[in-house]
Each structure stands twice: as structure tokens, then as C-alpha cells.
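This report refers to the structure that appears directly beneath it.
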There are 2 protein chains.
Amino acid sequence: MDLMSTLSQPRPSFKAQMHRAREDAIVEAASRLLREKGFETMTVDEVAAAVGIAKASLYKHFAGKDDLCTAAVVHGVARLQRFLGELPADLDPLQRLHALLYWLLELQLGEEMALLSERTSALAQALRTCDVYQSAMLEVSRHILGWVAQAQTAGQLRRDLPPDVILCALLARSADPMLAMLRERGYGNAEILAWVIDTCLSGLVQQPGHIET
Amino acid sequence: MDLMSTLSQPRPSFKAQMHRAREDAIVEAASRLLREKGFETMTVDEVAAAVGIAKASLYKHFAGKDDLCTAAVVHGVARLQRFLGELPADLDPLQRLHALLYWLLELQLGEEMALLSERTSALAQALRTCDVYQSAMLEVSRHILGWVAQAQTAGQLRRDLPPDVILCALLARSADPMLAMLRERGYGNAEILAWVIDTCLSGLVQQPGHIET
DNA sequence: GTCTATACAGAGATAGAC
DNA sequence: GTCTATCTCTGTATAGAC
């Protein structure tokens with residue numbers, strides 16, 4: 001079996017590969033702009049310009065702005081799913097949650113991509129009716145909820161909070177304005193990351209001297 | 001001194017009073033819409049319609065959308081200042097911070113007004129160059145930082161965090177997406193409020209068994 | 001499928017009468 | 001100061017040639 005046939009296992013034609021690569025480039029650009037400027041402020045022109053194609057060409061790939069940005073968010077969730085699945089096996093539940101938090105916040109500090117879209121945007125509405133997104137988020141939630149439950153039974157996380165609440169407390173950090181506020185005050189990314197993770201997790205972990213009710 | 005002269009102490013003419021009342025109504029409507037829909041999504045037409053006046057009339061009061069929404073946010077900060085100033089004198093620093101958090105979150109759950117504008121909106125930029133807003137926020141920050149410092153020396157709050165960081169951790173809750181996420185999952189406002197305050201403060205308070213470094 | 005050029009709609013802002 | 005009617009610009013989306 002030579003290199004060519006190895007690379008083209010399910011026989012995607014070169015054309016199809018290019019097509020896919022182009023779409024990936026578009027989604028990536030859309031992700032970045034979505035993160036930097038938000039759904040309402042970003043423009044399709046900007047996305048097209050960033051990729052280096054004409055706007056009309058972009059509309060051959062995606063039906064509209066909503067469709068494009070939905071794809072971008074789904075792409076982000078897929079990355080999150082991959083991250084969750086690839087975590088080293090030797091981490092205990094709490095370490096996994098810590099790693100998750102780190103990953104979410106680092107993403108927000110870099111200008112890469114958006115997970116939680118702004119509550120007010122039209123995109124939020126589009127996502128609510130997007131099956132792919134909803135099922136992906138459901139799986140992510142289940143995955144994390146499993147760890148939360150484990151950490152709770154292991155006595156690492158507070159048992160007086162519903163797992164749901166802990167899940168939300170963690171995921172919500174990916175859009176926490178605290179990071180931007182600290183940035184404005186001149187702090188460095190490393191400090192910010194450490195503080196946000198610390199203050200968030202400290203509110204969730206089971207304290208040594210805590211009295212259970 | 002009769003009633004009339006009492007009511008019109010600094011002699012604001014009826015006309016001026018009406019003018020002021022009208023502007024207040026406009027700002028109030030803008031605040032609510034800003035909170036519900038965000039800066040980019042809301043329209044000046046909606047504000048005018050909510051107040052019951054024509055859009056052109058609104059433009060006699062405010063120079064533009066930025067100006068109007070800036071006024072709305074400043075109005076909100078002023079309310080916050082009043083709240084801070086009117087807290088009962090018998091509360092200790094930590095109780096004050098708790099009350100502050102409660103106030104901020106309740107505001108977010110009701111659909112009233114916006115304090116932190118979305119990071120991406122054009123409004124955020126406008127506020128950055130608005131002296132009135134900046135100085136008001138500075139005073140609010142100083143006020144709260146004072147309580148934080150007191151709570152830290154009293155051993156109520158963690159001393160390993162800069163007061164700045166604690167301040168941000170508290171204020172950022174006013175735009176925490178965690179509330180919306182919990183709402184979507186069907187929880188009631190009272191539960192949500194309690195959990196967010198709990199998880200936030202638990203990460204900041206000095207734990208009984210904590211070892212200082 | 002990619003381009004240039006254009007149609008169309010929405011929203012911010014203004015003109016001018018009253 | 002308030003109104004109706006209008007201007008103007010921007011951004012989504014499409015038409016049609018290649």
C-alpha cells in the first residue's frame with residue numbers, strides 16, 4: 001500500500017479535500033472573529049476577507065451568517081469533546097475538572113474561539129434549535145457530570161451542591177467577564193488564569209474543616 | 001411655606017421637571033432593553049416605542065445611541081452607588097459584600113438594567129472614554145475595596161488574594177452566564193441566587209481549617 | 001465554485017412642518 | 001419639543017458572467 005492510497009483511505013477526491021480544507025479555513029476564521037467581536041459586530045465580509053475569498057464564494061459553503069457561526073460553535077464544542085476524551089488516564093476526577101477549567105480559560109485568553117455565545121445574540125437562538133449542537137453539548141455535559149459525581153463521592157467536591165450546579169459553575173467560566181476585568185487592570189495571563197481557577201474551584205471543593213449538613 | 005414652594009425648592013419650572021421626567025423614562029426604557037437584548041440588538045426605535053414618543057423626539061434629548069446607552073449605564077452605576085451608601089451601619093464587611101452580591105445578581109435576574117456591558121459591543125468602547133462613568137466606577141471600586149481590605153484584616157476573606165482580584169470576582173458576577181445556564185435547566189430564581197452567591201463567596205472567604213502561607 | 005456587481009432590508013440619524 | 005417622512009449607510013444575501 002503506497003503513500004497515496006494510505007492518505008486517501010475513504011477515497012476523498014482532491015477536489016473534495018480542497019473543499020473541506022476551504023470550509024475548515026472559513027470556520028476557523030469565523031471562530032476567531034466570533035470570539036473577538038461577537039456575533040452581531042462581526043461581518044461576513046470580514047470572514048471572507050480573512051480567508052481571502054469573495055463573500056459570494058463563502059455563501060456557496062454556508063447558507064448564511066447564522067449557519068456559518070453555528071458551524072463555528074459546533075467546531076468549538078467538537079474540540080472540547082476531543083480534549084475531554086484525550087485526557088491522561090491517570091488523572092483523578094478533580095484533576096480532570098482542573099484541566100478542563102484551565103483549557104476553557106486559556107481558550108478565552110487566547111483569541112481563538114467562542115463556546116458560549118452571548119446570551120442576547122441571534123446566534124444563541126439559532127443554537128437552541130440546532131440538533132448537532134444540542135446533542136454535542138449533551139454529551140459533553142454527561143461526560144463532565146460523570147467526573148463531578150465521582151469527585152463528590154470521593155469527597156473531593158462539595159456534596160451539598162447538585163452536580164448540575166457544579167457543571168454550570170465550571171462551564172460558565174468560559175465566558176466569565178472577570179478575565180477581561182483583570183486584564184484591563186494590567187495583570188498577566190498566567191496570574192489571571194491562576195486566580196480565576198483558584199477562586200472558582202475553592203468555592204466547589206470540599207474543605208478539610210467543613211461540617212457536612 | 002406652602003406645598004408648592006416646598007416641592008419646587010430649587011425652582012425647577014414645570015417644563016424643566018417634565019423634561020427631566022421624560023429623560024428619566026427614556027433612560028429607564030433604554031436600561032431595560034439594554035439588559036434584555038444587548039447594545040447591538042436593541043434599536044432606538046424600540047426605546048422610543050417603549051416610552052411612547054417618536055424617535056426624532058428622543059434625539060432631542062440624546063445625541064445618539066451611544067450617548068443614550070452610556071447614560072443608561074451611568075444611571076445604573078449611580079443606583080449602585082446609592083445602594084452602597086445606604087447599607088445599614090451595623091453590617092460587618094463580609095455582610096456588606098454579601099449584600100452587594102445579592103443586589104447585583106437580583107438585578108441580573110430581574111430584567112431591569114445592565115451594569116457591565118458586553119465586552120464586544122461598541123458601548124464598551126464608548127464607556128472607556130466616558131469620564132462620568134469612569135469616575136463613578138472608580139468611586140464604587142474604592143468603596144468596595146475598603147470593605148474587602150477590612151474583611152481581609154478581620155480574617156473573613158482570604159489574604160492570599162489581592163483586593164483587586166476579589167473586587168473583580170464580585171463585580172464580574174453581575175454578568176455571569178452561570179445564571180442563565182441554571183435558568184435554562186429549570187431552576188428557580190431563589191435557588192440560583194443562593195448557589196451563585198455560595199459558590200462565589202466560598203471561593204473567597206477564609207476557611208476555618210485553611211493554612212496560611 | 002469563484003468572482004464582480006447589485007439588490008434589499010434594517011436601523012441610525014435628520015429635515016422641516018407644527 | 002414633538003411629530004411624520006425621509007435620507008443614508010452598512011451589512012446580508014443574491015444574480016449572473018466565467
Side-chain angles (χ1 to χ4, degrees), chain A residues 12-27 29-30 32-34 36-73 117-118 120-127, chain B residues 12-34 36-73 117-118 120-127:
Chain A
S13 68
F14 275 164
K15 212 165 167 182
Q17 282 188 353
M18 290 310 293
H19 186 86
R20 179 57 184 272
R22 173 65 52 92
E23 284 197 349
D24 284 352
I26 296 173
V27 165
R32 207 190 58 246
L33 284 165
L34 197 54
E36 285 173 6
K37 315 189 60 171
F39 179 73
E40 320 288 349
T41 307
M42 74 181 270
T43 70
V44 177
D45 295 75
E46 287 171 327
V47 179
V51 180
I53 61 174
K55 179 164 52 172
S57 305
L58 194 155
Y59 274 95
K60 295 287 183 182
H61 291 273
F62 299 93
K65 192 183 183 183
D66 288 17
D67 187 53
L68 168 59
C69 291
T70 296
V73 174
S117 56
E118 319 100 277
T120 62
S121 73
L123 180 56
Q125 180 55 34
L127 288 174
Chain B
S13 67
F14 275 165
K15 211 166 167 182
Q17 282 187 353
M18 289 310 293
H19 185 85
R20 180 56 185 271
R22 174 65 52 93
E23 284 198 349
D24 285 351
I26 296 173
V27 165
E28 205 170 326
S31 280
R32 207 189 59 248
L33 283 165
L34 198 53
E36 285 174 5
K37 315 189 61 171
F39 179 73
E40 321 288 349
T41 308
M42 73 181 270
T43 69
V44 177
D45 295 75
E46 287 172 327
V47 178
V51 179
I53 61 174
K55 178 163 57 171
S57 305
L58 193 154
Y59 274 95
K60 296 285 182 182
H61 291 274
F62 298 94
K65 192 184 183 184
D66 288 15
D67 188 51
L68 168 60
C69 292
T70 296
V73 174
S117 57
E118 320 102 279
T120 62
S121 73
L123 180 57
Q125 181 55 34
L127 288 174

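We name chains A, B, ... by the order of the sequence lines, and we start the count at 1 in each one. Below, all heavy atoms of this structure are taken into account, side chains as well, without hydrogens, waters or symmetry copies. Just so it is clear, the structure is predicted and the values come from calculations on it, not from any experiment.
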Protein-nucleotide distance ([X], atom [atom1]; [N], atom [atom2]), rounded to Å:
{"X": "B:F39", "N": "C:dG12", "atom1": "CZ", "atom2": "C1'", "value": "10 Å"}
{"X": "A:F14", "N": "C:dG1", "atom1": "CZ", "atom2": "P", "value": "16 Å"}
{"X": "A:E46", "N": "D:dG11", "atom1": "CD", "atom2": "P", "value": "8 Å"}
{"X": "B:L58", "N": "C:dG12", "atom1": "CG", "atom2": "C1'", "value": "11 Å"}
{"X": "B:R22", "N": "D:dC3", "atom1": "CZ", "atom2": "C1'", "value": "12 Å"}

Quick one, which residues of residues 23-32 of chain B touch DNA chain C with a heavy atom under 4.0 Å? none
Step-by-step side chain to side chain contact (heavy atoms under 4.5 Å, CB included) determination, A:S121 to B:T41: CA-CA 7 Å; A:S121 73; B:T41 308; 5.6 Å; no
Show the atom names and distances, to 0.1 Å, of all donor-acceptor pairs under 3.5 Å that link a side chain in residues 52-62 of chain B to residues at least two apart or in another chain.
{"residue": "B:K55", "atom": "NZ", "partner": "B:D45", "partner atom": "OD1", "Å": "3.3"}
{"residue": "B:K55", "atom": "NZ", "partner": "B:D45", "partner atom": "OD2", "Å": "3.3"}
{"residue": "B:H61", "atom": "ND1", "partner": "B:E23", "partner atom": "OE2", "Å": "3.2"}

Residues which pass salt bridge (charged side-chain N to carboxylate O under 4.0 Å, His left out) with B:R22, listed by chain and number, not counting sequence neighbours: none
Please name all residues satisfying salt bridge (charged side-chain N to carboxylate O under 4.0 Å, His left out) with A:E40, sequence neighbours left out, ordered by chain then number.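 None.
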Nearest heavy-atom approach of A:L68 to A:I26 is CD1-CG2, 3.6 Å
Quick one: label B:S57 by what it contacts on the DNA or RNA (base, sugar-phosphate, nothing), any heavy atom closer than 4.0 Å.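 It contacts base atoms.
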Which part of the nucleic acid, if any, lies within reach of B:M18 when heavy atoms closer than 4.0 Å are counted: base, sugar-phosphate only, or nothing? nothing
Given the rule in the side chain to side chain contact (heavy atoms under 4.5 Å, CB included) test, do B:L34 and B:L123 qualify, once you have shown the distances and angles that lead to the verdict? CA-CA 10 Å; B:L34 198 53; B:L123 180 57; 3.9 Å; yes
Run the side chain to side chain contact (heavy atoms under 4.5 Å, CB included) test against A:A49 and tell me which residues pass, sequence neighbours left out. none
Which residues pass the side-chain hydrogen bond (donor to acceptor under 3.5 Å, both in side chains) test with B:D67, not counting sequence neighbours? none
Heavy-atom contacts, protein to nucleotides 13-18 of chain D, under 4.0 Å, summarised as B (base), S (sugar-phosphate only) or - (none) per nt, yield BBB---
Kindly say if A:H61 contacts the phosphate of C:dG1, meaning a side-chain N or O under 4.0 Å from OP1 or OP2. no
Considering only NZ, NE, NH1 and NH2 on the basic side and carboxylate oxygens on the acidic side, decide whether B:R32 and B:E28 come within less than 4.0 Å. no
If you fit an axis to the five pairs at each end of the helix from C:dG1-D:dC18 to C:dC18-D:dG1, how big is the angle between those two axes, to 10 degrees? 20°
Does the pair A:T120 and B:F39 meet the rule for a side chain to side chain contact (heavy atoms under 4.5 Å, CB included), with working shown? CA-CA 9 Å; A:T120 62; B:F39 179 73; over 6 Å; no
Could you go step by step and tell me if A:S13 and A:M18 meet the side chain to side chain contact (heavy atoms under 4.5 Å, CB included) rule? CA-CA 9 Å; A:S13 68; A:M18 290 310 293; over 6 Å; no
